[in-house]
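Structure, as structure tokens:
Side chains are part of it too, since the values below use all heavy atoms of this structure and drop only hydrogens, waters and symmetry mates. In this text the structure is predicted, and so the values were computed from the model without any measurement. The chain is numbered in sequence order, starting from 1.
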Amino acid sequence: MEKEKEVFDKEKLSLEGAGAMQETETEEKAGTEEESRFPEEKKSAEEAVGLLEVYGLTCAFLAADAGCKAADVRLETFDKNKPANADSLPVPLLVTVKFRGSVAAVEAAMEAGEEMAKSVTGVVQRHIIARPTGDTEKMLKLSAFDKN
């Protein structure tokens with residue numbers, strides 16, 4: 001009789017443990033579903049951004065390609081600027097390439113992109129922001145390529 005009670009208690013504990021485990025899995029799944037609804041926002045907030053401003057769109061594509069091949073980064077929308085002194089520049093259009101990823105990956109991508117850009121038309125500016133604020137994130141989404 002005592003052995004039966006012992007077996008019953010073990011089964012009860014194992015069932016209770018399984019129930020608690022299932023509840024935990026359900027809670028974890030709910031958290032994952034919440035995160036998966038907005039993965040870009042969560043991911044972006046944890047990533048560094050590299051801004052590489054170069055002369056011309058062709059140069060921007062070449063720099064972006066070199067950076068992406070050199071490191072595990074992703075690109076965000078390019079931005080363009082035609083400054084007032086455009087006629088005196090080597091190419092009258094400035095384009096900003098935006099790399100996203102870990103700080104180390106962005107540094108490697110920026111280095112490769114910069115080397116490529118220097119061999120084509122040149123680099124205007126380069127900056128890395130390790131953890132951009134929410135307001136900066138919003139500004140990074142803007143692009144003059146969306147306008148005429």
Side-chain angles (χ1 to χ4, degrees), residues 9-148:
D9 287 343
K10 283 182 181 176
E11 286 176 2
K12 186 178 174 185
L13 283 174
S14 109
L15 286 174
E16 286 173 357
M21 223 173 174
Q22 192 174 12
E23 286 175 18
T24 304
E25 287 173 4
T26 305
E27 289 169 6
E28 288 174 1
K29 202 179 245 185
T32 305
E33 287 173 11
E34 184 67 31
E35 290 171 7
S36 68
R37 272 195 256 167
F38 306 104
E40 285 287 317
E41 288 178 17
K42 183 168 177 29
K43 193 173 183 179
S44 291
E46 298 168 358
E47 292 180 321
V49 63
L51 304 167
L52 183 63
E53 189 174 39
V54 299
Y55 295 106
L57 189 57
T58 301
C59 182
F61 277 109
L62 293 171
D65 183 59
C68 288
K69 287 177 179 173
D72 184 21
V73 293
R74 63 185 173 80
L75 293 174
E76 290 210 350
T77 308
F78 288 2
D79 198 5
K80 69 175 182 169
N81 181 25
K82 185 172 181 179
N85 66 339
D87 293 335
S88 66
L89 298 175
V91 176
L93 181 69
L94 304 181
V95 180
T96 303
V97 178
K98 302 171 196 172
F99 295 107
R100 295 305 297 258
S102 68
V103 174
V106 169
E107 286 174 350
M110 290 284 285
E111 214 170 279
E114 187 174 11
E115 287 304 310
M116 175 58 74
K118 283 180 179 176
S119 72
V120 181
T121 56
V123 173
V124 180
Q125 290 286 324
R126 76 179 299 281
H127 294 283
I128 296 175
I129 304 172
R131 290 180 49 191
T133 65
D135 290 336
T136 303
E137 287 288 345
K138 290 176 189 173
M139 296 305 291
L140 289 169
K141 303 287 183 221
L142 298 178
S143 173
F145 276 113
D146 296 337
K147 299 173 184 158
N148 292 331

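Partners of E53 by side chain to side chain donor-acceptor pair (under 3.5 Å), not counting sequence neighbours: none found. Shown here are the ring-ring contact (aromatic ring centres under 6.0 Å, His included) partners of F78, two or more places apart in sequence or in another chain: F61. Partners of S88 by side chain to side chain donor-acceptor pair (under 3.5 Å), not counting sequence neighbours: none found. Applying the side chain to side chain donor-acceptor pair (under 3.5 Å) test to K82 and every residue at least two apart in sequence or in another chain returns nothing. When the side chain to side chain donor-acceptor pair (under 3.5 Å) test is applied to D65, the partners found at least two apart in sequence or on another chain are K69. Every residue meeting the side-chain contact (heavy atoms from CB on, under 4.5 Å) condition with A105, not counting sequence neighbours, appears here in chain and number order: A71, V73, S102.
Between the CE atom of M110 and the CD1 atom of I128 there is a distance of 5.0 Å, given to the nearest 0.5 Å. To the nearest 0.5 Å, atom CG of residue L94 and atom CG of residue L57 are 12.0 Å apart. L51 CG to D79 CG: the interatomic distance, rounded to the nearest 0.5 Å, is 9.5 Å. Distance check, rounded to the nearest 0.5 Å: OG1 of T133 to NZ of K138 gives 9.0 Å. Atom CZ of R100 is separated from atom CD of E47 by 5.5 Å, given to the nearest 0.5 angstrom.
Within the structure, every pair that satisfies the side chain to side chain donor-acceptor pair (under 3.5 Å) test and touches residues 117-129, not counting sequence neighbours, is listed here: E114-R126, Q125-H127. Here ring-ring contact (aromatic ring centres under 6.0 Å, His included) pairs that include residues 93-124, with residues two or more places apart or in two chains, number zero. Within the structure, salt bridge (charged side-chain N to carboxylate O under 4.0 Å, His left out) pairs that include any residue of residues 85-98 do not occur (at least two apart or interchain).
The minimum heavy-atom distance linking V54 with A117 is given by the pair CG1-CB, 3.5 Å. When all heavy atoms of V49 and P132 are compared, the pair lying nearest together is CG1-CG, 3.8 Å. Residue V106 comes nearest to A48 through the heavy atom pair CG2-O, 3.8 Å, listed as atom of the first residue, atom of the second, then distance. Between A70 and A108, the shortest heavy-atom distance links the atoms CB-O, 4.2 Å. Considering every non-hydrogen atom in both C59 and G122, the closest pair reads SG-O, 4.3 Å. Across all non-hydrogen atoms, the minimal contact from A64 to V97 is CB-CG1, 3.9 Å.
Residue N81 qualifies as enclosed at atom CG: its count of foreign heavy atoms under 6.0 Å is above 12.
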